[in-house]
Amino acid sequence: MYAQMIKTASSGVKSRDEMSDEEREFQDKVDNDIKIEPRDWMPEDYRRTLIRQIGQHAHSEVVGQLPEGNWITRAPTLERKAILLAKVQDEAGHGLYLYSAAETLGVSRDEMIELLHEGKMKYSSIFNYPTLNWADIGAVGWLVDGAAIVNQVALQRTSYGPYARAMVRICKEESFHARQGYDAFMKMAQGSKEQRRMAQDALNRMWFPCLMMFGPSDAESVHGEQSMAWKIKVKSNDELRQQYVDQTIPQIDYLGLDRPDPGIEWNEECEHYDFSMPDWKEFFDVIKGNGPCNRDRMRDRVAAWEDGQWVRDGLLAHARKRAAQKVAAE
Ligand code: FAQ
């Protein structure tokens with residue numbers, strides 16, 4: 001359905017006949033699942049959409065370290081601490097792969113970070129919610145990484161080569177993250193009465209914010225149709241959300257916890273679960289900067305960036321000295 005269409009930010013959907021020769025050639029490659037590489041010709045809006053999405057994705061990985069990093073010193077056992085430490089480090093690595101992928105499109109990491117700090121680039125809404133106790137940390141691994149994986153598995157087939165390849169590696173690590181989260185959460189769900197209560201409470205609080213991770217409904221999605229036409233996105237927001245719900249409800253049932261939404265019901269006809277949509281007003285408030293933790297997250301990121309200036313200066317000075325020594329030796 002999308003193969004014949006191309007949409008630009010200003011003029012809406014372009015038919016194949018309206019495309020320039022370059023655009024047609026580009027679209028043919030996309031339609032034939034030939035990856036677009038950094039030196040290939042690409043429409044300017046394709047490049048900009050990728051920078052926006054990959055940049056936002058990279059920022060999410062980095063800001064996403066904060067709610068979990070907060071619990072490293074309070075992990076209940078040495079084993080849980082080691083696992084959490086490794087996971088949080090992985091998220092930093094994911095940010096780096098993604099910043100590198102975005103840099104191939106002609107934007108620098110420093111520029112993207114500046115835009116994030118100025119509030120001009122987004123990161124995932126989910127990280128503006130607090131992690132109040134240890135059950136929340138299990139829930140982040142299970143439910144948040146679980147949602148991230150559903151999206152990222154699809155993105156392994158995205159049309160831009162460097163982004164698709166970053167996704168392959170990230171997905172492997174994310175699977176470990178989700179498994180450790182489910183394992184930690186299961187211990188809580190099968191623990192004492194109080195631990196079980198904490199697990200249920202974490203599930204109830206995180207469920208709808210996790211559904212928001214897939215973005216607004218397809219009808220409200222601004223970039224969805226164009227991104228699908230360019231195969232930047234290979235599944236729509238609503239398709240991915242449904243896939244997530246279908247995979248997660250049996251996991252909730254297995255834990256013996258109450259489902260977090262009375263609207264959840266198996267629909268025989270569609271062979272999917274029916275469920276309630278999140279409060280979209282809350283979602284739009286959060287992405288505008290008014291969620292429970294937006295200000296804290298940005299304050300902590302900016303402070304970390306400023307505190308790390310001496311490290312960046314030192315590395316740069318070292319690299320310059322090595323380069324000068326190499327030139328002198330030649
Ligand atoms: N949060 O037109 P659409 C992770 C914005 S990684 C904030 O539908 P699009 C790993 C959107 O930017 C999680 N903003 O947008 C981890 C747009 O605003 P703009 C991150 C959102 O791009 C786990 C506007 O709403 N994953 O968790 C959100 O076509 C644990 C209209 O929306 C990715 O980024 C949101 N949830 O579809 C780390 C995956 N949703 O830019 C640590 C890649 C929408 O015009 C611990 N991204 N917006 O001002 C995507 O797949 C897409 O960008 C979507 C949104 C699906 C998120």
Side-chain angles (χ1 to χ4, degrees), residues 7 9 48-71 84 87-95 97-98 101-102 115-116 119-129 131 136-156 158 160 163-164 166-167 170-171 173-178 180-181 206 208-241 244 278 280 282-289 291 294 297:
K7 188 175 140 192
R48 261 185 281 167
T49 301
L50 276 172
I51 291 174
R52 181 188 60 78
Q53 180 168 322
I54 303 174
Q56 174 174 315
H57 198 161
H59 296 325
S60 304
E61 302 282 356
V62 173
V63 178
Q65 293 179 102
L66 294 170
E68 285 176 297
N70 182 32
W71 276 87
L84 187 59
K87 179 194 187 299
V88 172
Q89 281 178 337
D90 281 355
E91 307 298 1
H94 297 174
Y97 309 154
L98 288 162
L115 289 168
L116 171 71
K120 293 180 184 158
M121 268 183 107
K122 294 189 169 72
Y123 57 90
S124 183
S125 49
I126 188 70
F127 302 118
N128 292 309
Y129 291 85
T131 40
D136 286 18
I137 297 303
V140 169
W142 166 37
L143 296 170
V144 175
D145 282 270
I149 292 172
V150 167
N151 192 331
Q152 292 172 158
V153 165
L155 285 173
Q156 290 179 114
T158 189
Y160 188 57
Y163 193 21
M167 281 300 111
I170 288 176
C171 281
E173 293 175 355
E174 296 283 30
S175 308
F176 151 70
H177 296 174
Q180 68 78 34
M206 289 217 182
F208 286 110
C210 284
L211 297 188
M212 294 175 189
M213 287 177 71
F214 299 95
S217 70
D218 291 351
E220 296 286 325
S221 172
V222 181
H223 308 285
E225 195 183 356
Q226 177 61 83
S227 288
M228 297 278 285
W230 280 330
K231 294 192 186 167
I232 289 175
K233 285 162 80 166
V234 294
K235 288 190 182 175
S236 75
N237 299 359
D238 284 335
E239 279 179 281
L240 290 170
R241 192 170 7 252
Y244 175 69
W280 291 120
E282 177 182 320
F283 168 77
F284 285 111
D285 273 353
V286 172
I287 67 172
K288 274 188 209 134
N294 295 60
R297 300 296 185 231

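Remember, it's 1-based here, ligands and their atoms both numbered in the order they're listed.
- The heavy atom nearest to atom 30 (C) of ligand 1, considering only Val88, Ile126, Thr158, Asp145, is found in Asp145.
- Nearest heavy-atom pair across Ala58 and Leu98 is CB-CB, 3.6 Å.
- Between Trp71 and Asp136 there is no side-chain heavy-atom pair separated by less than 4.5 Å.
- The nearest protein atom to atom 27 (O) of ligand 1, hydrogens excluded, is given as Phe127 CZ, 3.4 Å; this is a heavy-atom distance.
- Heavy atoms only, all atoms of each residue included: Glu91 and Glu61 are closest at OE1-OE1, 2.8 Å.
- At least one donor-acceptor pair closer than 3.5 Å links the side chain of Thr131 to the backbone N or O of Pro67.
- Residues Asn151 and Tyr244 have side chains that never bring a donor and an acceptor to within less than 3.5 angstrom of each other.
- A donor-acceptor pair is defined here as one N or O able to donate and one able to accept, closer than 3.5 Å; such a pair exists between the side chain of Arg297 and the backbone of Tyr129.
- His223 places none of its side-chain heavy atoms less than 4.5 Å from the side chain of Gln53.
- Close approach to Leu155 involves these atoms of ligand 1, each under 4.0 Å from a residue heavy atom: 43 (C).
- Close contacts between ligand 1 and Glu174 involve ligand atoms 10 (C) [criterion: under 4.0 Å to a heavy atom].
- At a cut-off of 3.5 Å, with distance as the only test, a side-chain donor of His177 or Glu174 sits close to an acceptor on the other residue.
- Taking each heavy atom of Ala178 and Gly146 in turn, the nearest pair found is CB-N, 4.4 Å.
- Between Lys87 and Asp145, the closest side-chain pair of non-hydrogen atoms falls below 4.5 Å.
- Of the protein's non-hydrogen atoms, Lys233 NZ, 4.2 Å is the one closest to atom 55 (C) of ligand 1.
- Considering only non-hydrogen atoms, atom 32 (O) of ligand 1 lies nearest to Pro216 out of Gly146, Pro216, Ser221, Ser227.
- Each of the following atoms of ligand 1 lies closer than 4.0 Å to a heavy atom of Gly215: 40 (N), 44 (C).
- Side-chain atoms of Arg52 never come within 3.5 Å of backbone atoms of Lys122 as a donor-acceptor pair (strictly under, hydrogens ignored).
- Note: an N/O pair closer than 3.5 Å links Met212 and ligand 1 by distance alone.
- Scanning the protein heavy atoms around atom 11 (C) of ligand 1, the nearest turns out to be Arg52 NH1, 4.0 Å.
- Every atom of ligand 1 is numbered from 1 in the order shown, and the set under 4.0 Å from a heavy atom of Tyr163 is 43 (C).
- Listed by atom number, the atoms of ligand 1 under 4.0 Å from Val222 heavy atoms are 2 (O), 3 (P), 31 (C).
- Scanning the protein for heavy atoms near atom 45 (O) of ligand 1, the closest one is His223 NE2, 2.6 Å.
- Using cut-offs of 30° and 60° on the angle between ring planes, the pair Tyr97 and His94 is tilted.
- Distance from atom 14 (N) of ligand 1 to its nearest protein heavy atom, with residue and atom name: Ile287 CG2, 3.5 Å.
- Looking at ligand 1, you'll find an N or O of Asn151 within less than 3.5 Å of one of its N or O atoms.
- Protein heavy atoms are found less than 4.0 angstrom from atom 50 (C) of ligand 1.
- For the residues Gln65, Glu91, Gln56, Arg241, the heavy atom positioned nearest atom 21 (C) of ligand 1 is part of Gln56.
- The distance criterion of under 3.5 Å between nitrogen or oxygen atoms is not met by Phe283 with respect to ligand 1.
- Counting heavy atoms under 4.0 Å from ligand 1, residue Ala148 touches it through the side chain alone.
- Panel note: side chain Asn237, backbone Pro216; a donor-acceptor pair is recorded below 3.5 Å.
- The N/O atoms of Ser125, backbone and side chain alike, include one that comes under 3.5 Å of an N/O atom in ligand 1.
- The Glu68 neighbourhood of ligand 1 comprises atoms 46 (C), with distances under 4.0 Å to a heavy atom of that residue.
- Ring geometry for His57 versus Tyr163: interplanar angle over 60°, hence perpendicular rather than tilted (30 to 60°).
- The closest side-chain heavy-atom distance from Tyr123 to Asn294 is below 4.5 Å.
- The proximity of Gln53 to ligand 1, defined as any non-hydrogen pair under 4.0 Å, is limited to the side chain.
- With hydrogens left out, the protein atom closest to atom 19 (P) of ligand 1 is Lys122 NZ, 3.5 Å, a heavy atom.
- Checking atom 24 (C) of ligand 1 against the protein gives no heavy-atom contact under 4.0 Å.
- Which parts of ligand 1 touch Glu61 is read off a 4.0 Å heavy-atom cut-off, strictly below it: atoms 6 (S), 10 (C), 16 (C), 38 (C).
- Counting only heavy atoms of the protein, atom 57 (C) of ligand 1 lies nearest to Met213 O, 3.8 Å.
- Checked against a 3.5 angstrom limit, the closest N/O atoms of Ser60 and ligand 1 fall outside it.
- Looking at Asn237 next to ligand 1, an N or O pair under 3.5 Å apart turns up.
- The shortest side-chain heavy-atom distance between Lys233 and Ser221 falls under the 4.5 Å cut-off.
- In summary, the atoms of ligand 1 found under 4.0 Å from a heavy atom of Lys87, numbered by their order in the structure, are 30 (C), 46 (C).
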